[in-house]
Amino acid sequence: MLTGSVSPVVGPAHLGAGRIVPMQMRPLSLAERGVETQSVSMKSILAGNRPELLGETHIALEDYVSEIMNGGFPGMRATSARAQAAALDGYLSRIVTADLSELGAQVRHPEMLSRWMHAYAAATSTTASYETIRDAATSGQAEKPVKTTTIPYREALRRLWILDPIPAWAPTNNRLARLNGAPKHQLVDPSLSARLTGVNAQALLRGGGPRTIPRDTPFLGALFE
């Protein structure tokens, strides 16, 4: 098993055609974190079976918020909120200062990239347009950057597995209708969105959240999704 946390192609390498199968691994689920025991099998449901849906949980809303803030990255779950925030800050800082450069992306304005990451985080679980995210990231600036300047940042973040947009879904068999739908903006883990937007557990429970992207529902619902 060959494992890595960034792009598998950083230099000359064997493509592994017919020998290596790439698999994207996302952060841990609640069951994998040991927080809860799975009681309903999604695999069985998708296989066409009809199991009794008598699952139950003892996790309260406060516990869900705690897990949203902690995130599901293995080995990066601290014992205190302050230490967890510092770990996430360090991870996000390295993305801007090192990881993107190693991927071949030229980050000429790190502060702009940080603001774009904040805007994407604020747009979590929405289909906000490019212009909406751009305006949120460049609030107060008279001249807005063009797409050719910012789209490479977005694509590089996707290659780093930081952005994880969810393809559009529609209750129809018309594949073209799905292709025409805009994907929902998501980061790979809600803890990154919470940290980038600066919200804490208490603010989420009170219905608070970033105001940079208009939304009709509380930010907690977006992070839970």
Side-chain angles (χ1 to χ4, degrees), residues 2-11 13 22-29 33 67-78 80-126 128 130 132-139 141 144-166 183-200 204 209-210 212-213 219 222-223 225:
L2 310 176
T3 63
S5 59
V6 292
S7 173
V9 182
V10 183
M23 178 181 295
Q24 181 177 355
M25 299 185 68
R26 292 181 168 85
L28 302 178
S29 67
R33 302 179 202 182
E67 290 305 315
I68 286 174
M69 300 301 297
N70 288 334
F73 294 112
M76 206 168 77
R77 289 170 57 82
S80 70
R82 183 177 180 180
Q84 184 65 23
L88 291 171
D89 284 343
Y91 181 53
L92 292 167
S93 175
R94 175 164 181 87
I95 291 171
V96 176
T97 60
D99 289 349
L100 284 174
S101 297
E102 293 177 0
L103 198 62
Q106 294 184 353
V107 183
R108 298 178 180 178
H109 303 286
E111 67 284 351
M112 177 184 291
L113 177 57
S114 296
R115 290 175 66 89
W116 271 86
M117 291 173 64
H118 174 101
Y120 276 114
T124 292
S125 297
T126 73
Y130 165 84
T132 300
I133 294 177
R134 180 200 60 186
D135 292 344
T138 57
S139 177
Q141 298 182 15
K144 305 296 183 181
V146 296
K147 288 187 177 182
T148 54
T149 301
T150 55
I151 285 181
Y153 287 162
R154 184 182 65 186
E155 296 307 314
L157 289 171
R158 289 187 64 172
R159 291 175 62 191
L160 281 174
W161 322 117
I162 302 304
L163 303 186
D164 194 9
I166 305 301
K184 278 194 173 184
H185 302 297
Q186 297 285 1
L187 273 71
V188 70
D189 192 280
S191 63
L192 298 179
S193 298
R195 191 59 194 158
L196 282 166
T197 54
V199 297
N200 56 30
L204 288 176
T212 51
I213 300 291
F219 194 51
L223 297 183
E225 181 179 336

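All figures in this text were calculated on a predicted structure; none of them were measured in a lab.
Annotation: side chain of Met117 is in contact with side chain of Val96 (closest heavy-atom distance under 4.5 Å). Looking at Leu28 and Pro74, their side chains come closer than 4.5 Å, going by heavy atoms from C-beta outward. By the 4.5 Å heavy-atom criterion applied to side chains, Ile213 and His185 are not counted as neighbours. In this structure the side chain of Ile162 reaches within 4.5 angstrom of the side chain of Tyr91, judged on heavy atoms.
By the salt bridge (charged side-chain N to carboxylate O under 4.0 Å, His left out) test, Arg94 pairs with Asp99, Glu102, sequence neighbours left out. Residues meeting the side chain to side chain donor-acceptor pair (under 3.5 Å) test with Glu155, sequence neighbours left out: none.
Here the closest non-hydrogen pair linking Met76 and Leu88 is CE-CD2, 3.5 Å. Taking both residues in full, the closest heavy atoms of Ala136 and Arg115 are given as O-NH2, 4.3 Å, listed atom of the first, atom of the second, then distance. The two residues Phe219 and Gly209 make their nearest non-hydrogen contact at CB-CA, 3.9 Å. Val199 approaches Pro210 most closely through the heavy-atom pair CG1-CD, 4.1 Å. Taking every heavy atom of both residues into account, Val188 and Trp161 meet most closely at CB-O, 3.2 Å.
Screening Arg26, Arg159, Lys184 against Asp164 for a salt bridge (Lys or Arg N to Asp or Glu O under 4.0 Å) leaves a single residue, Arg26. A side-chain contact (heavy atoms from CB on, under 4.5 Å) with Leu223 holds for exactly one of Leu187, Asp189, Ile68, Thr197; it is Ile68.
In terms of modelled atom types and a separation under 3.5 Å, the side chain of Gln84 and the main chain of Asn70 share a donor-acceptor contact. Checking side-chain atoms of Arg77 against main-chain N and O of Gly71 turns up a donor-acceptor pair under 3.5 Å. At least one donor-acceptor pair under 3.5 Å links the side chain of Arg33 to the backbone N or O of Glu67. Under a 3.5 Å cut-off, the side chain of Thr138 and the backbone N or O of Arg134 do form a donor-acceptor pair.
Donor-acceptor pairing under 3.5 Å is lacking for the side chains of Gln186 and Thr124.
Atom CG of Leu163 is separated from atom CH2 of Trp116 by 11.0 Å, given to the nearest 0.5 angstrom. Taking CG from Leu113 and CD1 from Ile95, the interatomic distance works out to 9.0 Å, rounded to the nearest 0.5 Å.
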